[in-house]
Amino acid sequence: MKKLNELTVTETSEGLRSGKFSSAEVTKECLLEIKKKDKEIHAFVTVNSNAIQDAEKADKEIINGSKKILLGVPIAIKDSFLTVGIKTTASSKVLGNYWPQYDATVVRKLKEAGAIILGKTNMDAWAHGSSTETSDFGATRNPWNTEHLPGGSSGGSAAATAANMCIAAIGSETAGSVRQPAAWCGVVGLKPTYGRVSRYGVIAMASSTDSPGPLAKTVRDAELIYGVIAGHDSSDATSSRLAVERTDFSENNSLEGIRIGLVMDYLLPEMRDDVKNLIRKAAKHFESLGAAVTEVKLIPPKYAIGVYTIIQRSEVSSNLARFDGMRYGNDRTYFGDEAKRRIMLGTYTLSSGYYDQYYAKAQKVRALIIEDFRKAFTKVDAVIGAVSPGPALKAGASKNQPMFGEMEDKLVEASSIAGLCGTSVPCGFVDGLPIGLQITGNQFNENKILKISDIYERTK
Amino acid sequence: MAVKLTIADVEKTAKQAKLSLSGAEAESLRGQLEETLNVVSELGKLDTSKVTGADRVTDTKNVFREDAVNEKRMLTQKQALSNIPGNKQHEGFFMVDAVFEDKDV
């Protein structure tokens, strides 16, 4: 018998609508779990002190027959999303006391759908990282083994979901920041196509790749939240006007007619055999369900690292220029080491005399990568591989490394800079730690990859 | 050809980035930035002579809106000033660093 905080979004909604339990009860169970475990895991920066009140309001609406999709469901939100009335810090001392005066569009949509905001989750400061260790407020720990990291930068959201401190969570991905912590924490992560979900009110990292997305306990939960947050937003000029296609989750488990490409370049020479075997096992499983699985060759990850590092850090240097302490926040002396490192690299690569050699060159290689994927998707419907080179690393692994984040995300950077969509779904364990499989599709093919992900999740 | 960064390069970049660095920080960053630049310089190996830059990832372009006020997206003056302490505000204005040195300008 599951405890209320262990439920999925789907189970919570069903239970609330049929009167089995109340939103106040679910919310209280989540808050209890946070109280019990968060001293050790540190997934949250701020817990919403009005959560129970909000849940009680939701309960009244439920009784009155409201059909809001996420009514009464407690969700945790990464601390880079602006939330009115709840401090928002991007896990940085610069914004240690920042109180937003408007909600991010994603937050507004979740509220309109009736979700309860449980709190703001810990992240790498400014989303600069793949470990959550660069948070100015202390690292988050992995619920599967607290000597290990949860991944990042949406580490708090991933850990909170894995530890059942919430029913689901919101994160955002610049390259890996939803999928990698999802993989390290054994939950489902969805990185939507760039422009599919509004970036308005999300503290910017790299404006040409940032993609808000859900972290959840099941693929169907992730799709449900995706359906709420996706869509055009006039406040985000880069958001797409294409209609949001929902996934048809019929009980049919066949992958007949689906073509899947196993990316050979993602089976890195340094990758452990047991991780490679889990990926090959997944490929065989897709075959057994009727999919045509072939080996595909893509531009090697080492070039994606270069492209991503330059473009991301350049855009970071520009986006963090606004933090001058004059209109909000503390001054620039409050930036941590990783932020300084990235601002400096980005300023250099954009500067006169170096712009062509670095930024312009990176944008050209980016075009090569976009074309590489376009060609691949004429032959397959989705590509698969590991999300991360290995399982969750131990605490301290990211210290004193000039490019830790970019190195850890080498298997997901190409798809991020090409603006593609992708999921991370749990595919097994090594050393007691989860491994995530990436199922990556062409732009605006979320329904296709979510369908494949759902079938895999339920039949593996 | 390996990239080499000097402390002068670091100090110039820090000035552009409006970051103040201690001597030890500058030296530490010098080494790390040099290492990173050498890693990303791998891109030089790829032939991009036939490619124009991908400054756009999706087909969205030239997104315009009407030149009209959207009241739903306005902050009141009070809201706009709410994240700055009283001693950094003046009669409803943000206080900023002086742009001109000469007070008579």
Side-chain angles (χ1 to χ4, degrees), chain A residues 97-99 101-102 193-195 208-209 234-235 237-241 299 302-303 305-307 309-310 313 317 321 324-329 332-333 335 337 340-341 343-349 351 357-358 360-371 402-403 406 417-419 443-444, chain B residues 3 5 9-10 12-21 25-26 28-37 39-60 62-65 70 72-76 78-84 88 94-97:
Chain A
N97 196 30
Y98 173 66
W99 295 83
Q101 299 302 307
Y102 61 101
T193 304
Y194 175 77
S208 74
T209 78
S234 54
S235 299
T238 60
S239 74
S240 169
R241 285 188 181 277
I299 290 175
K302 68 174 178 180
Y303 295 114
I305 294 173
V307 175
T309 301
I310 292 171
R313 292 191 181 201
S317 74
D324 52 20
M326 293 186 207
R327 291 157 298 158
Y328 37 75
R332 296 172 81 74
T333 60
F335 277 127
D337 289 341
K340 284 188 199 168
R341 205 172 283 138
I343 291 170
M344 289 287 287
L345 194 293
T347 303
Y348 185 86
T349 51
S351 65
Q357 179 185 351
Y358 293 108
K361 180 74 180 181
Q363 287 286 53
K364 287 184 182 168
V365 180
R366 182 179 200 171
L368 290 179
I369 290 174
I370 289 173
E371 176 60 19
M403 290 177 73
E406 287 97 344
I417 61 191
Q443 288 185 356
F444 304 108
Chain B
V3 175
L5 276 188
D9 290 326
V10 174
K12 180 180 176 193
T13 306
K15 189 161 182 234
Q16 287 174 330
K18 289 200 161 57
L19 290 174
S20 55
L21 305 173
E25 264 184 311
S28 164
L29 277 169
R30 192 203 62 75
Q32 292 177 337
L33 293 177
E34 196 177 80
E35 195 182 321
T36 305
L37 289 169
V39 169
V40 303
S41 292
E42 279 277 301
L43 293 184
K45 293 192 184 143
L46 291 178
D47 177 13
T48 53
S49 53
K50 297 193 182 74
V51 189
T52 52
D55 54 356
R56 191 174 300 124
V57 172
T58 59
D59 288 338
T60 311
N62 292 343
V63 180
F64 296 114
R65 65 173 176 83
N70 178 355
K72 288 197 217 130
R73 278 189 55 183
M74 276 172 56
L75 296 181
T76 62
K78 187 168 175 223
Q79 284 173 317
L81 290 163
S82 62
N83 276 293
I84 285 295
K88 282 162 108 192
F94 293 112
M95 284 170 62
V96 302
D97 294 342

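On a predicted model such as this, the values are computed, not experimentally measured, just so you know. Protein chains get the first letters and strands the later ones, always in sequence-line order, with residue 1 at the start of each.
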Checklist entry - Measuring heavy-atom distances to chain A, does B:Leu81 have an atom under 4.5 Å in its side chain, in its backbone, in both, or in neither? => result neither
Item to check | Part of B:Lys88 within contact of chain A (heavy atom distance under 4.5 Å) | outcome: side chain
Checklist entry - For B:Val63, is it the side chain, the backbone, both or neither that has a heavy atom under 4.5 Å from a heavy atom of chain A? => result side chain
Item to check | A:Leu368 vs B:Thr48, side chain to side chain contact (heavy atoms under 4.5 Å, CB included): CA-CA, chis, key distance, verdict | outcome: CA-CA 8 Å; A:Leu368 290 179; B:Thr48 53; 3.9 Å; yes
Checklist entry - Any idea which of A:Thr349, A:Val307, A:Ile299, A:Ile370 has the most non-hydrogen atom pairs under 4.5 angstrom with chain B? => result A:Val307
Next on the checklist: To the nearest 0.5 Å, what is the distance between CE on A:Met344 and CD on B:Gln16?
Outcome noted: 9.0 Å
Item to check | Distance in Å, A:Arg241 CZ paired with B:Thr60 OG1, rounded so as to fall on 0.5 Å steps | outcome: 9.0 Å
Checklist entry - Quick one: does A:Lys364's side chain get under 4.5 Å of B:Leu46's, heavy atoms only? => result no
Item to check | Among B:Thr36, B:Val39, B:Leu43, side chain to side chain contact (heavy atoms under 4.5 Å, CB included) partner for A:Thr309 | outcome: B:Thr36
Checklist entry - Roughly how far, to the nearest 0.5 Å, is the OG atom of A:Ser234 from the NZ atom of B:Lys72? => result 8.0 Å
Item to check | Worked check of side chain to side chain contact (heavy atoms under 4.5 Å, CB included) between A:Gln443 and B:Val57 | outcome: CA-CA 10 Å; A:Gln443 288 185 356; B:Val57 172; 3.6 Å; yes
Checklist entry - In Å and rounded to the nearest 0.5 Å, what is the CD to OG distance from A:Gln357 to B:Ser41? => result 6.0 Å
Next on the checklist: Please identify, among A:Ser351, A:Ala321, A:Ala237, the residue contributing the most non-hydrogen atom pairs under 4.5 Å to chain B.
Outcome noted: A:Ala237
Checklist entry - With no hydrogens and no angle check, is any side-chain donor or acceptor of B:Lys45 less than 3.5 Å from a backbone partner on A:Tyr303? => result no
Item to check | Side-chain donor or acceptor of B:Asn83 paired with backbone N/O of A:Trp99 under 3.5 Å | outcome: yes
Checklist entry - If you measure from NZ on A:Lys302 to CD on B:Glu42, what distance do you get to the nearest 0.5 Å? => result 4.5 Å
Checklist entry - Looking only at heavy atoms, which two atoms of A:Gly325 and B:Ile84 are closest? And how far apart? => result O-CD1, 3.8 Å
Item to check | Segment of A:Asp324 engaging chain B (4.5 angstrom heavy-atom cut-off) | outcome: neither
Item to check | From B:Lys18 atom NZ to A:Ile343 atom CD1, the distance as rounded to the nearest 0.5 Å | outcome: 12.5 Å
Next on the checklist: Test side chain to side chain contact (heavy atoms under 4.5 Å, CB included) on A:Arg327 and B:Phe94; report intermediate values, then the result.
Outcome noted: CA-CA 7 Å; A:Arg327 291 157 298 158; B:Phe94 293 112; 3.6 Å; yes
Next on the checklist: Can you tell me which portion of B:Glu35 sits under 4.5 Å from chain A's heavy atoms? Options are side chain, backbone, both or neither.
Outcome noted: side chain
Checklist entry - Counting only N and O atoms by type, is there a donor-acceptor contact under 3.5 Å from the side chain of A:Arg341 to the main-chain atoms of B:Gln32? => result no
Item to check | Interface moiety of A:Ile369 toward chain B, non-hydrogen atoms closer than 4.5 Å | outcome: neither
Item to check | Greatest number of heavy atom pairs closer than 4.5 Å to chain B - which of A:Tyr194, A:Tyr328, A:Tyr348 | outcome: A:Tyr348
Checklist entry - Is the closest side-chain donor-acceptor distance between B:Ser82 and A:Gln101 under 3.5 Å? => result yes
Checklist entry - By a 4.5 Å heavy-atom criterion (distance strictly below it), what part of B:Asn70 contacts chain A: side chain, backbone, both, or neither? => result neither
Item to check | Contacting moiety of B:Leu75, where chain A heavy atoms sit under 4.5 Å | outcome: side chain
Item to check | Toward chain B, the part of A:Ser235 with a non-hydrogen atom under 4.5 Å | outcome: both
Checklist entry - Considering only heavy atoms, which portion of A:Lys340 lies under 4.5 Å from any heavy atom of chain B: side chain, backbone, both, or neither? => result both
Next on the checklist: For A:Leu345, which atoms come within 4.5 Å of any heavy atom of chain B: side chain, backbone, both, or neither?
Outcome noted: both
